[in-house]
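In what follows, a single structure is set out as structure tokens and then discussed.
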Amino acid sequence: RDFMQMLKENGVTAFMKWEEAARNMNQDERFLAVPTSGERRRLFAEFTDRLKKEAREAERVKIAEAKKNYKELLDGWKNRRPGALFRELANDLHDHEVWKLLDEKDKDEIFQDYMEDWERSFREEKRENRKAWMNELRTEYEDDGRFTWESSWADVCKGMSGSKFFDRLDRMDALKVWQDGAEEAAKAKQDLARQERFRFERIARDAFKGLLKEYVDNGMLTSDVEFTTFAEWVSDEPRYCEMLGNEGSTPRELFEDFQEEQAVKFRLARESIRKLVVSNKLQVKDLTLEAFSEGLKTEPQWSGLREVDQRLIFEDFQQRDPHLAASSASSSGSAGRKRKSSKKDRDRERDRDRARDRDDEKKKRRHDDKDKEEERDAKKRKKDDEKKERKDERKDERKDDRKEDRKSKKSKSKRSRSR
């Protein structure tokens, strides 16, 4: 123990020669206390071996610490990206203290292993978070007031450079997000224009129906008026001109529907007045319109009609039923025949009404079937679009995987050549 302490006090190093150490210590009592030269050499060799071992261990710890710090530098490397080269790292970190502690081979091997692991985890993270990142990027696009969906892609790339999610995604994914947003914005614009157009056409249809009602109220538009005649009357009327060229119902279709509604109302009113005539025993053949109106003035069904409708019903009675309610002045046999004739007329009128109702019902069913068919087609198109979108997403993911694999192999090859 004394001999070892002497070696330590005299500054013996791991690689010092025995002869040099012996010259420095041959006068020391502890040196002479070891009786033989061989024993002294053995103790000296043990001491230097221990120093070498301690030096190697210290170097190992130092290198391990340096490698740990080197990996931490790689974690925070600002230019880290898939495909980055070792020489790019060397340009950025060559003045750092940790960089100087490691040899080139160790630094290169650590860099290659680190980048391979990082690129693999980067691809996995990107695959898992791609959709979420794309949604976040869509939000960034919408919130950025420097451009609109009609801006050019070059302006977008310039404005979004440095953005968190824009930089994380491939440019093709970022472009796809932008294109989807631009298409949706264009579609929304078209939908708005379509709604405005629909609103304009609806107002035009309502105005045209008001025009039809005006002509009915002033007595010009009766059931025997054809559309061509009416069109000549209103050819310069703005409410008619605004209907021309619109989608949906045409002026002719609205005119025919309106005339059909008026005919139904007229038949119902005529039938109710017929019953009043029979119950009041009025002789239509021998009466004027004024006298006929006087006889029904207390009846709300008659007083509630417009003058033009009153006139038309009265004239219709005179033309088609001139002997209406004549049973009070005729024989019972004649009355029976007239009632029978009147019943036949009513049956024929009822049959015609039923036929019209059936036609209306068929027409309504055809419209309903058409609406249902359009709704089914819309749902089918939506389902097909969703299916196509999922298929495209899977295709894009597979394409990205192949692209990333090729890029990884290419970058690894480049890094290998750059060593």
Answer whether the closest heavy-atom distance between the side chains of [X] and [Y] falls below 4.5 Å.
{"X": "Lys213", "Y": "Phe208", "value": "no"}
{"X": "Val278", "Y": "Lys275", "value": "no"}
{"X": "Glu39", "Y": "Thr36", "value": "yes"}
{"X": "Val156", "Y": "Leu175", "value": "no"}
{"X": "Leu211", "Y": "Glu237", "value": "yes"}
{"X": "Arg138", "Y": "Glu184", "value": "yes"}
{"X": "Asp155", "Y": "Lys158", "value": "no"}
{"X": "Val177", "Y": "Trp133", "value": "no"}

Flag, side chain of [X] to backbone of [Y], donor-acceptor distance under 3.5 Å:
{"X": "Arg146", "Y": "Gly159", "value": "yes"}
{"X": "Asp106", "Y": "Leu102", "value": "no"}
{"X": "His96", "Y": "Leu93", "value": "no"}
{"X": "Asp144", "Y": "Glu140", "value": "no"}
{"X": "Glu88", "Y": "Asn79", "value": "no"}

Kindly say whether the aromatic ring centers of Trp118 and Phe122 come within a distance under 6.0 Å.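 Distance test on ring centres: under 6.0 Å, yes.
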
When the aromatic ring centroids of Trp77 and Phe86 are compared, is their separation below 6.0 Å?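 When the ring centroids of Trp77 and Phe86 are compared, they turn out to be at least 6.0 Å apart.
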
Any pair with a residue in residues 373-396 that passes ring pair (Phe, Tyr, Trp, His ring centres under 6.0 Å), sequence neighbours left out, goes on the list, sorted by first then second residue, please.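 Checked against ring pair (Phe, Tyr, Trp, His ring centres under 6.0 Å) - neighbours excluded - no pair reaches residues 373-396.
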
In sequence, state the C-alpha distance, the side-chain angles, and the governing distance for Asp191 and Arg194, and then conclude on salt bridge (Lys or Arg N to Asp or Glu O under 4.0 Å). CA-CA 5 Å; Asp191 291 341; Arg194 191 180 299 111; 2.5 Å; yes

Set out, in order, the CA-CA distance, both residues' side-chain angles and the distance that settles side-chain contact (heavy atoms from CB on, under 4.5 Å) for Glu256 and Arg252, then state yes or no. CA-CA 6 Å; Glu256 292 174 352; Arg252 178 184 287 275; 3.5 Å; yes

Distance only, no hydrogens: is a donor on one side chain within 3.5 Å (strictly under) of an acceptor on the other, for Tyr114 and Asp75?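 The criterion, which ignores hydrogens and geometry beyond distance, is satisfied for Asp75 and Tyr114.
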
Looking only at side chains, do Asp108 and Gln112 share a donor and an acceptor under 3.5 Å apart?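 The criterion, which ignores hydrogens and geometry beyond distance, is satisfied for Gln112 and Asp108.
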
Which atoms form the tightest heavy-atom contact between Cys241 and Asp236, and what is the distance?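 Shortest heavy-atom separation between Cys241 and Asp236 comes out as SG-C, 4.3 Å.
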
How close do Phe258 and Lys209 get, heavy atom to heavy atom, and via which atoms?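 Closest approach of Phe258 to Lys209: CE1-O, 4.4 Å.
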
Give the intermediate values and the outcome of salt bridge (Lys or Arg N to Asp or Glu O under 4.0 Å) for residues Asp103 and Lys105. CA-CA 6 Å; Asp103 59 34; Lys105 183 179 179 182; over 6 Å; no

For Tyr141 and Trp178, take the angle between the two ring planes, folded into 0 to 90°, and tell me which bin it lands in: parallel under 30, tilted 30 to 60, perpendicular over 60.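 Perpendicular, since the angle between the ring planes exceeds 60°.
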
Using 30° and 60° as the class limits, which term best fits the ring planes of Phe230 and Tyr215: parallel, tilted or perpendicular?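 If you compare the ring of Phe230 with that of Tyr215, the planes turn out perpendicular.
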
CA sep, side-chain torsions, deciding dist, call: Glu119, Arg80, salt bridge (Lys or Arg N to Asp or Glu O under 4.0 Å): CA-CA 10 Å; Glu119 287 177 359; Arg80 182 184 60 181; over 6 Å; no

If you look only at distance, which donor and acceptor atoms sit under 3.5 Å apart when one is on a side chain in residues 44-55 and the other is two or more places apart or in another chain?
residue : atom : partner : partner atom : Å
Glu46   : OE2  : Arg42   : NH1          : 2.5
Thr48   : OG1  : Phe44   : O            : 3.2
Thr48   : OG1  : Ala45   : O            : 3.0

List for me each residue that meets ring-ring contact (aromatic ring centres under 6.0 Å, His included) alongside Phe227, sequence neighbours excluded, and say none if there are none.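 ring-ring contact (aromatic ring centres under 6.0 Å, His included) check on Phe227 returns Phe255.
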
